[in-house]
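Below, each value reflects all heavy atoms present in this structure, side chains not excepted, and no hydrogens, waters or symmetry copies. Residue numbers start at 1 and run along the sequence shown. None of the values given here were measured: they were computed from a predicted structure.
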Amino acid sequence: MRFSFAATIATIAFIASPALAAEPFLGLFLDPNLPPGRGQPVAEITPGGPAEAAGIRQDDRLLSVDGFPIQRATDVGRALQGTHPGERIRVEVERRGRLLRFEVRLGDRQAETEPNRFQAQNEPAEPPPANKYVGVVVILPTERDLEQLKAPARFTRGALVLEVLGGSPAAEAGLRRTDMIVGFDSQAVDSPAELLRRSTQAGAGSEVKLEYVRGEAVREAKLRLADPVRFVEQPVEEAADWSIEQRLETIERQLQRMDARMTRLEIAVEHLQENQRARPLPPPRDGR
């Protein structure tokens, strides 16, 4: 779902003068044509943006931004006035009747939107497997990629980030698409395989330091490696104000599922008993 450029700007960020270099960026879009109400549904999430990194999803109902109630699309811009890129704010959404609270680290609109237009020369149609310890999808950059990204000449190899997984250590550390990881705990990283090898050796829970290139700058990020099985941090869930009817319907569905499980268990036990009764006894041995 896409909207006009003017509507998009009105829905997500504080409208600033082009002379302002740092504009806070949340990375979600609301439909300006919807009537006002308690919250507004998220129409679209910017891939790799702050909202996605925090765990907010499309179709969540946005209730408040930094304590400012959201009743219409333009309220987001008002809520972001006075905030700055890099600042952490609280965002509340409703998802399937549950109230979720997220801490979102605001991005810089200009810096966040430029990488999304970058197309790596050897970017595959199907994304490669993610490094779930760090929380990134990376590829080996080509010389043309390095030229487009204006990377310092001394960096000719590394792990070029195509995607940052929502809720991952990389997302929490502020990494984004088009960053190129070149170091891991002061050891050079010259390929995605090398990044995976070093993160696997370090193991889940280890605190490590990544060195990465963003444009012409070389930066560092400290992060704690995630468990590959559960690398996405789950948001804190709290019950919304459900009606008595909604609660009774939920309890009834849970009881029906439990009843179905009990029925399957009873059938399985009956089959086991029948098989046990039908099994012939072993013949007696000679002389006994």
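Side chain of E87 to backbone of H84: a donor-acceptor contact under 3.5 angstrom is found. For the pair E211 (side chain) and D185 (backbone), a donor-acceptor distance under 3.5 Å is absent. The backbone N or O of G67 sits nowhere less than 3.5 Å from a side-chain atom of S64 that would complete a donor-acceptor pair. With hydrogens and angles ignored, the 3.5 Å screen pairs a side-chain donor or acceptor of R177 with a backbone N or O of L162. Checking side-chain atoms of E207 against main-chain N and O of R224 turns up no donor-acceptor pair under 3.5 Å. The backbone N or O of G39 sits less than 3.5 Å from a side-chain atom of R61, completing a donor-acceptor pair. Remark: the backbone N or O of Q71 is paired with a side-chain donor or acceptor of D75 at under 3.5 angstrom.
Summarising the geometry, atom CD belonging to E44 is positioned 7.0 Å from atom CD belonging to Q58; distances are rounded to the nearest 0.5 Å. The structure places CZ of R96 at 10.0 Å from CG of D59, a figure rounded to the nearest 0.5 Å. Here CZ of R219 is found 9.5 Å from CG of L175. Values are rounded to the nearest 0.5 Å. We find the CG-CZ distance between L149 and F155 to be 13.0 Å, quoted to the nearest 0.5 Å. To the nearest 0.5 Å, the span separating NZ on K209 from CD on E220 amounts to 4.0 Å. Atom CG of L225 sits about 12.0 Å away from atom CD of Q201, to the nearest 0.5 Å.
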| query | Given F29 and T46, is the side-chain contact (heavy atoms from CB on, under 4.5 Å) satisfied, shown in steps? | reply | CA-CA 8 Å; F29 300 85; T46 301; 3.0 Å; yes

| said: The test is side-chain contact (heavy atoms from CB on, under 4.5 Å); show your working for R157 and L140 and say whether it passes. | reply: CA-CA 7 Å; R157 294 174 63 86; L140 186 67; 4.0 Å; yes

| Derivation and outcome, side-chain contact (heavy atoms from CB on, under 4.5 Å), residues L160 and V138 | CA-CA 5 Å; L160 178 61; V138 289; 5.9 Å; no

| query | Where do N131 and S199 land on the side-chain hydrogen bond (donor to acceptor under 3.5 Å, both in side chains) test, with the steps shown first? | reply | CA-CA 8 Å; N131 181 320; S199 56; 3.2 Å; yes

| said: Evaluate D179 against V164 for side-chain contact (heavy atoms from CB on, under 4.5 Å), listing each step before the verdict. | reply: CA-CA 10 Å; D179 287 342; V164 178; over 6 Å; no

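By the rule that hydrophobic residues join a cluster once side-chain heavy atoms approach within less than 4.5 Å of another member, F68 and V91 end up as members of one cluster.
Taking all atoms of both residues into account, the shortest heavy-atom contact from A226 to K132 is CB-O, 3.9 Å. When all heavy atoms are compared, the tightest approach of A221 to Y212 is CB-CE2, 3.8 Å. Scanning both residues, A53 and A171, for their nearest heavy atoms gives CB-CB, 3.6 Å. Residues A51 and I45 approach most closely at CB-CD1, 4.2 Å, considering heavy atoms. Smallest separation of non-hydrogen atoms from D31 and A73: O-CB, 4.0 Å. For T156 against A153, the heavy-atom pair with the smallest separation is CG2-O, 3.8 Å.
R38 and E94 are joined by a salt bridge, as a carboxylate oxygen and a charged side-chain nitrogen come within less than 4.0 angstrom of each other.
Side-chain contact between V182 and V189 is absent, with no heavy-atom pair separated by less than 4.5 Å. Counting heavy atoms from C-beta outward, L100 and R57 have side chains that stay 4.5 Å or more apart. Using a 4.5 Å cut-off on side-chain heavy atoms (C-beta onward), F25 and P50 make contact. Contact annotation: the side chain of L62 approaches that of V93 to within less than 4.5 Å [non-hydrogen atoms, C-beta and beyond]. Taking 4.5 Å as the limit, some side-chain heavy atom of V137 sits within range of a side-chain heavy atom of P128. Counting heavy atoms from C-beta outward, L30 and I70 have side chains that approach closer than 4.5 Å. Inter-residue side-chain proximity for T200 and R197 is flagged as unmet; no heavy-atom pair is nearer than 4.5 Å.
Residue R88 qualifies as enclosed at atom CZ: its count of foreign heavy atoms under 6.0 Å is above 12.
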